[in-house]
Undergrad: 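One structure follows; several queries about it will come next.
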Amino acid sequence: MDTVSDELIAKETTTWTGDTSAPIAFPLRGGDGRPPRPAWIELDVACWRRNFQLIRADLPPGLEMLSVVKDEAYGHGLLPAARFATEQGVKFLAVSTVEEGVKLRDGGVQQRILILGDRQEAELPWCVAHDLTCCVAEPGMISKLARLAQQAGKCVAVHLKINTGMNRYGVRWNEVVSAAEKIVAEKSLWLEGTLSHFAQSDELDKTFALLQLSRFNEALAALAARNISVSVRHLCNSGGFLDLPPAHFDMVRMGILPLGVFPSQVCRRIPGIEAVMSVKARIASIQNLQPGDHVGYGMRYTAQENRRIAVLPIGYGDGFPRVRNLGCALIHGKRAPIVGGVSMDALTVDITNIPEAKLWDVATLMGRDGGDEISVHEIAKIKNSASYDVLCSWRGRLPRIYVNDEPAQ
Ligand SMILES: Cc1ncc(COP(=O)(O)O)c(C=O)c1O
């Protein structure tokens with residue numbers, strides 16, 4: 001199906017005002033009338049909204065959901081992700097850089113924004129000015145943030161990061177009290193939340209996750225013993241939300257699940273959740289090979305018999321894994337195996353068994369076509385990586401096209 005319609009391409013670039021009843025229009029290609037590149041990413045807006053609704057319906061009563069929208073919502077678009085989360089009543093968003101937080105504010109987002117990771121001192125004034133809520137643990141940073149907040153005449157919320165075993169950020173679980181007391185002593189700071197992060201929550205073996213949970217509980221008990229109250233305690237990512245209800249606390253932080261991708265093959269399923277993102281390209285050239293002909297750099301494929309080869313104008317420069325003779329595309333609902341090595345701007349697939357395939361037909365590199373699907377997990381396998389990496393690796397030069405945009409119900 002030809003989904004890149006002229007109408008979509010003609011849409012103007014706008015930013016979202018933060019008003020969920022306003023008509024939606026996202027940046028497509030700059031709106032300058034250039035023809036679309038014959039390789040693109042499609043994001044199914046109806047599916048994205050449905051995923052949020054299904055997750056909302058699955059949330060136990062009273063449990064808040066934070067939407068992790070860092071790295072352009074894993075390549076899906078920062079502002080669209082913020083909008084769909086907001087439509088579902090999500091009050092907290094999370095990013096990982098000050099730039100992402102400022103982009104959300106400039107786009108009109110009024111939700112609370114938590115900025116994950118640690119901040120350099122020079123970033124703190126930006127966080128205070130744009131109401132970006134920091135995760136803190138280190139005493140020097142707490143003092144500096146408190147001073148800046150006081151100068152700005154604000155009482156700034158912070159979330160205390162607890163290291164329960166991930167050993168990236170945060171204060172060790174059995175040393176939380178002094179950091180918490182330091183925050184509480186600062187009049188310009190408000191210890192709103194405390195968090196930790198699972199190293200592994202979506203695999204069948206929950207041994208380490210349960211150890212992290214018990215350490216988190218130990219830290220919370222130590223705070224309670226000092227009469228330090230924290231209203232937003234959060235530990236779970238998507239895997240923890242799905243598989244570890246005792247770790248839900250007050251809020252769960254979800255990045256990958258609303259995008260329709262389960263964090264692992266073995267975690268609990270919510271029926272109806274489907275992948276939002278597809279990656280497509282059109283056949284830009286067809287070559288008829290004779291026995292002994294090679295394909296591409298390094299002559300990594302040699303035809304043993306007459307073969308029909310289609311060239312798709314998408315390569316590792318767009319984020320497709322740089323594999324050789326591995327993986328496939330779907331054309332007319334059938335699998336066309338990749339032959340030869342993937343180059344920067346092109347890859348080649350064998351269409352001998354798809355005689356109806358012709359120039360400029362659509363090929364699906366990731367997503368559904370007919371009754372078949374190339375999932376993000378399948379691509380992760382050929383890349384020897386994880387679905388997260390595949391989603392985030394699609395490069396900015398692939399236009400993002402938002403399809404099936406119907407108003408929220
Ligand atoms: C601190 C933190 N919380 C939550 C998430 C969301 O994880 P997921 O995409 O598995 O839901 C991430 C993502 O990396 C994270 O770094």
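What you see is a predicted model; the values in this text were computed from it and never measured. As the structure lists them, so they are numbered: ligands from 1, and atoms in each ligand from 1.
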Undergrad: I need the atoms of ligand 1 closer than 4.0 Å to a non-hydrogen atom of Ile256, numbered in the order shown.
TA: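 Every atom of ligand 1 under 4.0 Å from some heavy atom of Ile256: 8 (P), 9 (O), 11 (O).
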Undergrad: Geometry only, no angles: is Tyr74 polar-contacting ligand 1 at N/O separations under 3.5 Å?
TA: yes
Undergrad: Answer with side chain, backbone, both or neither: which part of Phe241 has a heavy atom less than 4.0 angstrom from an atom of ligand 1?
TA: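 Neither; nothing of Phe241 gets under 4.0 Å from ligand 1.
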Undergrad: Salt bridge or not between Lys103 and Glu99? Use side-chain N to carboxylate O under 4.0 Å.
TA: no
Undergrad: Ignoring hydrogens, what is the shortest heavy-atom contact between Ala209 and Gln200? Give both atom names and the distance.
TA: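 Looks like CB-O, 3.4 Å.
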Undergrad: Just checking, Arg324 and Tyr301: is the charged tip under 6.0 Å from the six-membered ring centre and within 45° of the axis?
TA: no
Undergrad: Is the gap between the ring centers of His234 and His159 under 6.0 Å?
TA: yes
Undergrad: Which of the numbered atoms in ligand 1 are below 4.0 angstrom from a heavy atom of Gly255?
TA: 6 (C), 8 (P), 9 (O), 11 (O)
Undergrad: Going by the order shown, which atoms of ligand 1 are within less than 4.0 Å of some heavy atom of Lys70?
TA: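 Near Lys70, meaning under 4.0 Å from one of its heavy atoms, ligand 1 has 12 (C), 13 (C), 14 (O), 15 (C), 16 (O).
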Undergrad: Can you pull out the closest protein heavy atom to atom 10 (O) of ligand 1? Residue, atom name and distance to 0.1 Å, please.
TA: Tyr388 OH, 2.6 Å
Undergrad: Work out which heavy atom in Ala180 is nearest to a heavy atom in Ile228; give both atom names and the distance.
TA: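 Taking Ala180 first and Ile228 second, the nearest heavy atoms are CB-CD1, 3.9 Å.
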Undergrad: Just to confirm my output: which protein heavy-atom neighbour is closest to atom 7 (O) of ligand 1, and how far is it?
TA: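 Heavy-atom neighbour on the protein nearest atom 7 (O) of ligand 1: Asn237 CB, 3.4 Å.
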Undergrad: Scan Leu66, Asn237, Leu59 and name whichever one has a side-chain contact (heavy atoms from CB on, under 4.5 Å) with Val252.
TA: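 Considering Leu66, Asn237, Leu59, a side-chain contact (heavy atoms from CB on, under 4.5 Å) with Val252 is found only for Leu59.
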Undergrad: Can you tell me the protein heavy atom closest to atom 2 (C) of ligand 1 and the distance?
TA: His197 CE1, 3.3 Å
Undergrad: Relative to ligand 1, is Met254 under 4.0 angstrom through side chain, backbone, both or neither, heavy atoms considered?
TA: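 Met254 to ligand 1: backbone contact only, side chain stays beyond 4.0 Å.
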Undergrad: By the definition ring-ring contact (aromatic ring centres under 6.0 Å, His included), identify the one residue from Tyr402, Trp48, Phe52 that meets it with Phe84.
TA: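 One option only clears the test, and that one is Trp48.
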Undergrad: Considering non-hydrogen atoms only, spot the tightest contact between Gly165 and Asn163 and give its length.
TA: N-OD1, 3.0 Å
Undergrad: Looking at Phe249, does the NZ or CZ of Arg233 lie under 6.0 angstrom from its six-membered ring centre and within 45 degrees of the ring axis?
TA: no
Undergrad: What is the closest protein heavy atom to atom 4 (C) of ligand 1, and at what distance does it sit?
TA: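 Among all protein heavy atoms, the one nearest atom 4 (C) of ligand 1 is Arg253 NE, 3.5 Å.
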Undergrad: Report yes if Pro263 has an N/O atom closer than 3.5 Å to an N/O atom of ligand 1; otherwise report no.
TA: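 In fact, backbone or side chain, Pro263 has no N or O that close.
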Undergrad: Nearest protein heavy-atom contact for atom 11 (O) of ligand 1: which residue, which atom, what distance?
TA: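 Here the closest protein heavy atom is Ser238 OG, 2.5 Å.
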Undergrad: If the cut-off is 4.0 Å to any non-hydrogen atom of Val68, which atoms of ligand 1 fall inside it?
TA: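 Near Val68, meaning under 4.0 Å from one of its heavy atoms, ligand 1 has 4 (C), 5 (C), 6 (C).
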Undergrad: Does Gly239, backbone or side chain, put an N or O under 3.5 Å from an N or O of ligand 1?
TA: no
